[in-house]
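Worksheet for the structure shown next.
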Protein chains: 2
Amino acid sequence: MAADVLDATFAALADPTRRAILARLREGEATVTELAAPFAMTQPGISKHLRVLERAGLVSRGRDAQRRPCRLEAAPLKDAVDWLANYRSYWEESYQKLDALLGELNQNGPDATERDIP
Amino acid sequence: MAADVLDATFAALADPTRRAILARLREGEATVTELAAPFAMTQPGISKHLRVLERAGLVSRGRDAQRRPCRLEAAPLKDAVDWLANYRSYWEESYQKLDALLGELNQNGPDATERDIP
DNA sequence: CGGATTTATAACCAGATGGTTTTATATCGT
DNA sequence: ACGATATAAAACCATCTGGTTATAAATCCG
């Protein structure tokens, strides 16, 4: 898991416009103007975001006359998930604690909270 | 899944120093100086990274005399994983294609590659 | 050929980021 | 009270980022 791959992937995902573009591309290829349509942003703005996504390997582009259709390339996202998987037990731990707490409260029967906390 | 939560989380993860800090914190609480030790960086540099992690909710801090021990808060990582989960099928698709390709090659028996590709 | 469409490129700008050095603040130990 | 330790805060700097406008390049259509 090369560090700069994760750098580029996470950095690319840190922008809501770029995440929305990726979400759109799940439904299939799209041209730059199609991708730009939903946003209150100029075309060069979108092109810049696409360049970031492309450099991160999250988007590849074809050729169709003047158009450069964009396609989702999800592979780098797997690396991100793999990195995050190392932390799963840590956020699950919180749920375990919460479960334990709720269990303890429930042990006193329904509405135990009202009786116990004063 | 508030957008700016994902913004802050992914942005925090986009820096290798910060990812290394989080990795270190999996082994338990650590003070700022302990966290700074492995890095060729000044203490204020590390403190800045910690402030980013704290603002993203990935680190919380206690009090122990002059020390402000840092603790991993993994909850926001779950949101990141949940977002990424929407793409799992897309990167798995690549594996399916690869599997299909390998299967097809294998169908011709071992070493089919050599015979088929000329 | 000539105009329209699609995209990229360049130049520019404000603000964020990642780092530094220097200094202040809080707390300990003696 | 004093020096040492741990951390934060401030000021500064270079570079990156996210956006713009204006322009160029490529390709279609008639």
Side-chain angles (χ1 to χ4, degrees), chain A residues 3-25 28-73 76, chain B residues 3-25 28-73 76:
Chain A
D4 29 349
V5 171
L6 285 179
D7 287 8
T9 304
F10 282 130
L13 296 180
D15 185 278
T17 302
R18 288 194 291 263
R19 288 198 306 275
I21 289 176
L22 292 180
R24 163 65 182 80
L25 289 178
E29 291 195 353
T31 68
V32 176
T33 36
E34 283 167 354
L35 290 173
F39 299 101
M41 197 182 305
T42 58
Q43 169 260 315
I46 298 292
S47 279
K48 273 190 162 190
H49 282 303
L50 287 174
R51 205 159 49 90
V52 173
L53 290 167
E54 203 177 1
R55 269 190 8 228
L58 290 166
V59 152
S60 66
R61 342 199 41 177
R63 216 1 118 94
D64 170 25
Q66 321 108 33
R67 269 142 273 150
R68 308 287 316 277
C70 300
R71 163 195 303 267
L72 175 63
E73 297 288 342
Chain B
D4 31 348
V5 170
L6 285 179
D7 288 8
T9 304
F10 283 130
L13 296 180
D15 184 280
T17 302
R18 288 195 290 263
R19 288 199 305 276
I21 288 176
L22 292 180
R24 164 65 182 79
L25 288 179
E29 289 195 356
T31 70
V32 176
T33 35
E34 282 167 354
L35 290 172
F39 300 101
M41 196 182 306
T42 58
Q43 168 260 315
I46 297 292
S47 279
K48 274 189 162 191
H49 281 302
L50 287 174
R51 205 159 48 89
V52 173
L53 290 168
E54 205 176 1
R55 267 191 9 228
L58 290 166
V59 152
S60 67
R61 344 198 40 175
R63 219 357 121 93
D64 171 23
Q66 321 108 34
R67 268 142 273 148
R68 308 285 318 275
C70 299
R71 163 194 303 268
L72 174 63
E73 298 288 342

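In the text below, chain A, chain B and the rest are named by the order of the sequence lines, each starting its count at 1.
- Here Arg61(B) reaches the OP1 or OP2 of dA8(D): one of its side-chain N or O atoms lies under 4.0 Å away.
- Between Arg67(B) and dA26(C) there is no side-chain polar atom (N or O) within less than 4.0 angstrom of OP1 or OP2.
- Side-chain N/O atoms of His49(A) include one lying less than 4.0 angstrom from OP1 or OP2 on dG19(D).
- Mapping Val52(A) and Arg68(B) onto DNA chain D by nearest heavy atom places Arg68(B) at the nucleotide closer to the 5' end.
- Proximity of Ser47(B) to the phosphate of dT7(D): no side-chain N or O atom is located under 4.0 Å from OP1 or OP2.
- Across dA8(C), dA8(D), dC12(D), the shortest atom-to-atom separation from the side chain of Val32(B) is found for dA8(D).
- At the phosphate of dT20(C), OP1 or OP2 sits under 4.0 Å from a side-chain N or O atom of Thr42(B).
- Counting atom types as modelled, Gln43(B) pairs no side-chain N or O with a base atom of dA6(D) as donor and acceptor under 3.5 Å.
- Between Leu25(B) and Leu58(B), the closest side-chain pair of non-hydrogen atoms is not below 4.5 Å.
- Between Thr31(B) and dA6(D) there is no side-chain N or O to OP1 or OP2 distance below 4.0 Å.
- In terms of position on DNA chain D, the residue among Lys48(B) and Arg63(A) whose nearest nucleotide sits closer to the 5' end is Lys48(B).
- An OP1 or OP2 oxygen of dT7(C) is reached within less than 4.0 angstrom by a side-chain nitrogen or oxygen of Thr33(A).
- Inter-residue side-chain proximity for Leu22(B) and Val59(B) is flagged as met; some heavy-atom pair is nearer than 4.5 Å.
- For the pair Asp7(A)/Arg19(B), a side-chain contact is recorded, criterion being any heavy-atom separation below 4.5 Å from C-beta on.
- Of the side-chain N and O atoms in Arg51(A), none sit less than 4.0 angstrom from OP1 or OP2 of dT9(C).
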